[in-house]
Colleague: 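First the structure, which I've put down as structure tokens, then a few questions once you've had a look.
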Amino acid sequence: MDHRLKKNSQFSYIYKRGERVNTQYFTLFVVKSRFDDYKIGFSVNKKIGKAHTRNKLKRRLREITKRLPIKKIKNYVLMAKEGSEQLDFNTLQNEVKRLFEKYEKRV
RNA sequence: UCAGUUGACCAGAUGGUCGCUGUGUGUCUGUGAUGGACACAGAGAGGAAAGUCCGAGCAUCAAAAGAACAGGGUGCCAGUUAACGGCUGGUGGAGGCGACUCUAAGGAAAGUGCAACAGAAAUAGACUGCCAUCGAAAGAUGGUGAUGGUGGAAAGGUAGGGCAAGAGCCUACCGGGCGGUUGGCAACAAUCGCCGCUCUGUAAACCCCACUCGAUGCAAGAUUAAGUUUGGAUACAUGUGCGUUCUUUCACAUCCAACAAAAGUAUCGCUUGAACUUAUUGGCGACAGUAAGUCUGGAUAGAUGACCAUCCAAUACAGAACUCGGCUUAUAGUCAACUGUAAAC
RNA sequence: GCAGAGGUGUCCGAGUGGUUUAAGGUGCAGCCCUGGAAAGGCUGUGUGUGAGAAAUUGCACCAAGAGUUCGAAUCUCUUCCUCUGCG
């Protein structure tokens, strides 16, 4: 039910071992999971803005990932880059879609 | 109209679909124990939540009292407050035509330090000039602080008299000091009299005076948690104990060092509070009293979003992290009162 | 969240009230040395803007903005940015 990734140790594990996919606005880290489920964490750097803008971006990303059909048996970390906070909701959604499609192609 | 000053208000609303975090009630379900799922009801960021610049509550440092030293803070007067370096009302000063705004505003006659360069000279005594005496002249001796230029600052200022030339040397006005009177709680103001009146600036330099301050911050700290091993120091003395030293009362059979284990995604601290709303009383006001009513975030990768429609001028700055009172900074819009240097009707 | 440290030419870094002091190194440019290079030696060199034909020279700038002072990179206040520590 809850697809959030919470533990700091899991984050650092995924940064170390995960496969990376880059686009202009995001970096995706992916790692295989032991369970028939997926978990996703968001990383928004302090460079992107103050607390208000970072919170807003995280909320929007959580909304988008809820709607997308995401493959199970995987754990993800979605890292936002500078510039992504200025996009509106629709373009942000397309960018995230493009990111996941790029990863699928690779596999 | 335009330009400006001050004081308030507000921080989108309504409906629909999907989704998040607590609380209460009910149903179902599970464990050694805390629980978990679903349904319904009701709640869910700000005026600055920000900066962390001040002041408190609260917690730990075992608990206190006194003295000396060191260190920090504040600094016109009165009030207000739990407290403050905040706020309110006054006084003095500065700015503006004005409405009004700003003000670290005690002491330089307790002492010490510093004041570059320029200038004759910088807190003291003579470059030029002026005057007198001596001298044929050059110049010497004395008087002068008025002239010149320097400087942030040059011995109160302006005018007249006076003098060899000058000077508060004398007078008037302005300024200053001392004393009295009146008004005011006071800061201070007004006024009268006396004194011709040597004594620069800097205390956001050391300092003096008055008042005041223990340190560390919820990552404080508590529960779970019972207590283990090794080595060293010390038996009527030693060690430790809120900046340092001393004294007194005391506390601990301890104190120091090393190692191991527990434990993290746990629970408490955590939200009812110097609270908020309305009415009313006192006060110029900050604020205080009384009455009635209300319960109003508690997360922990960290909760308020996305889309559509309508209204509309409709958004800017921006997200609680233990909690309050202020200050400062960022910022969209609306309203009211007031001012008029200048221009137009 | 709480506590603390810092910001100076391209870079590192001294200067902690005084006018001709923005030290020194690094980098860059030129010359010497060498058959040629490296190393070494010597000389010059911050940025912006104004004056001048040129040599030269005035003013401003020490993160930003105010204040104290005759005078501020230095003292005080406010803001911005960077870094560090705390279970």
Colleague: Whole angstrom is fine here: how far is it from NZ in K58(A) over to P in A306(B)?
Modeller: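 Result: 16 Å.
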Colleague: On a whole-Å scale, what distance lies between the C1' atoms belonging to A121(B) and U128(B)?
Modeller: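 Straight-line distance between the two C1' atoms is 13 Å.
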Colleague: Mind calculating the distance between NZ (K56(A)) and C1' (U304(B)) to the nearest angstrom?
Modeller: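 My rounded result for the distance is 12 Å.
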Colleague: Roughly how far, to the nearest 0.5 Å, is CG of N94(A) from CZ of F89(A)?
Modeller: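 Nearest 0.5 Å value for the CZ-CG distance: 10.0 Å.
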Colleague: Would you mind telling me which of A45(B), A318(B), U304(B) lies closest to the side-chain atoms of H52(A)?
Modeller: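 The closest nucleotide is A318(B).
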Colleague: Would you say L92(A) and F26(A) make side-chain contact, with heavy atoms under 4.5 Å?
Modeller: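 Yes, side chains in contact.
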Colleague: Could you work out the separation of C268(B) and G15(B) based on their P atoms and round it to a whole Å?
Modeller: 36 Å
Colleague: Quickly work out the L61(A) CG to G305(B) P distance and round it to whole Å.
Modeller: 15 Å
Colleague: Walk me through whether D88(A) and T91(A) qualify under side-chain hydrogen bond (donor to acceptor under 3.5 Å, both in side chains).
Modeller: CA-CA 6 Å; D88(A) 64 0; T91(A) 48; 2.5 Å; yes
Colleague: For the side chain of K81(A) and the backbone of Q24(A), is there at least one donor-acceptor N/O pair under 3.5 Å apart?
Modeller: no
Colleague: So, is A22(C) syn or anti if syn means the angle is within 90° of 0?
Modeller: anti
Colleague: What's the CZ-P distance between F89(A) and C18(B), to the nearest Å?
Modeller: 16 Å
Colleague: Need the glycosidic conformation of G47(B): syn if within 90° of 0, anti if not. Which one?
Modeller: syn
Colleague: To the nearest Å, how far apart are L92(A) CG and C307(B) P?
Modeller: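 Going from L92(A) (CG) to C307(B) (P), I get 10 Å.
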Colleague: Find the partner of A50(B): check Watson-Crick (N1-N3 plus N6-O4 or O6-N4) and G-U wobble (N1-O2, O6-N3) distances, both under 3.5 Å, and reply none if neither fits.
Modeller: U328(B)
Colleague: What integer distance in Å separates D88(A):CG from C308(B):P?
Modeller: 10 Å
Colleague: Write down the distance separating the C1' atoms in U88(B) and U248(B), rounded off to the nearest Å.
Modeller: 48 Å
Colleague: Using purine N1 to pyrimidine N3 plus N6-O4 or O6-N4 for Watson-Crick, or N1-O2 and O6-N3 for G-U wobble, both under 3.5 Å, which nucleotide pairs with U229(B)?
Modeller: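 For U229(B), the partner nucleotide comes out as A258(B), under the 3.5 Å rule.
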Colleague: Look at the side chain of R59(A) against the base of G319(B) and say whether a donor-acceptor pair falls under 3.5 Å; ignore hydrogens and angles.
Modeller: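 Yes, the side chain and the base share a sub-3.5 Å donor-acceptor pair.
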Colleague: Checking understanding here: a glycosidic angle within 90° of 0 is syn, the rest anti, so what is U281(B)?
Modeller: anti
Colleague: Using a heavy-atom cut-off of 4.0 Å across all strands, would you classify R62(A) as base, sugar-phosphate, or nothing?
Modeller: sugar-phosphate
Colleague: When rounded to the nearest Å, what value does the distance between C1' atoms of G152(B) and A167(B) take?
Modeller: 27 Å
Colleague: Can A124(B) be described as syn, meaning its chi torsion is within 90° of 0, or is it anti?
Modeller: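 Here the answer is syn: the torsion falls within 90° of 0.
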Colleague: If you compare every side-chain N and O of R60(A) against the phosphate oxygens of G305(B) (OP1, OP2), does one of them come in below 4.0 Å?
Modeller: no
Colleague: Taking atom types as they are modelled, would you say the side chain of E63(A) forms a donor-acceptor pair with the base of G305(B) within the 3.5 Å cutoff?
Modeller: yes
Colleague: Rounded to the nearest angstrom, tell me the gap between atom CD in Q93(A) and atom C1' in G305(B).
Modeller: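 Result: 13 Å.
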Colleague: In the structure I gave you, are the side-chain heavy atoms of F42(A) and T65(A) within less than 4.5 Å of one another anywhere?
Modeller: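 They are in contact (side-chain heavy atoms under 4.5 Å apart), so the answer is yes.
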Colleague: Expressed as a whole number of angstroms, how long is the span from F42(A):CZ to A303(B):P?
Modeller: 12 Å
Colleague: Between V96(A) and Y25(A), is there a side-chain heavy-atom distance shorter than 4.5 Å?
Modeller: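 Answer no - side chains too far apart.
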Colleague: Going by a 90° cut-off around 0, is G86(B) syn or anti?
Modeller: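 In terms of base orientation relative to the sugar, G86(B) is anti.
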Colleague: If you only use heavy atoms from C-beta on, which nucleotide in A306(B), A45(B), U304(B) is closest to the side chain of N55(A)?
Modeller: A45(B)
Colleague: Give none if C2(C) has no partner; otherwise give the nucleotide forming a Watson-Crick or G-U wobble pair with it, both distances under 3.5 Å.
Modeller: G85(C)
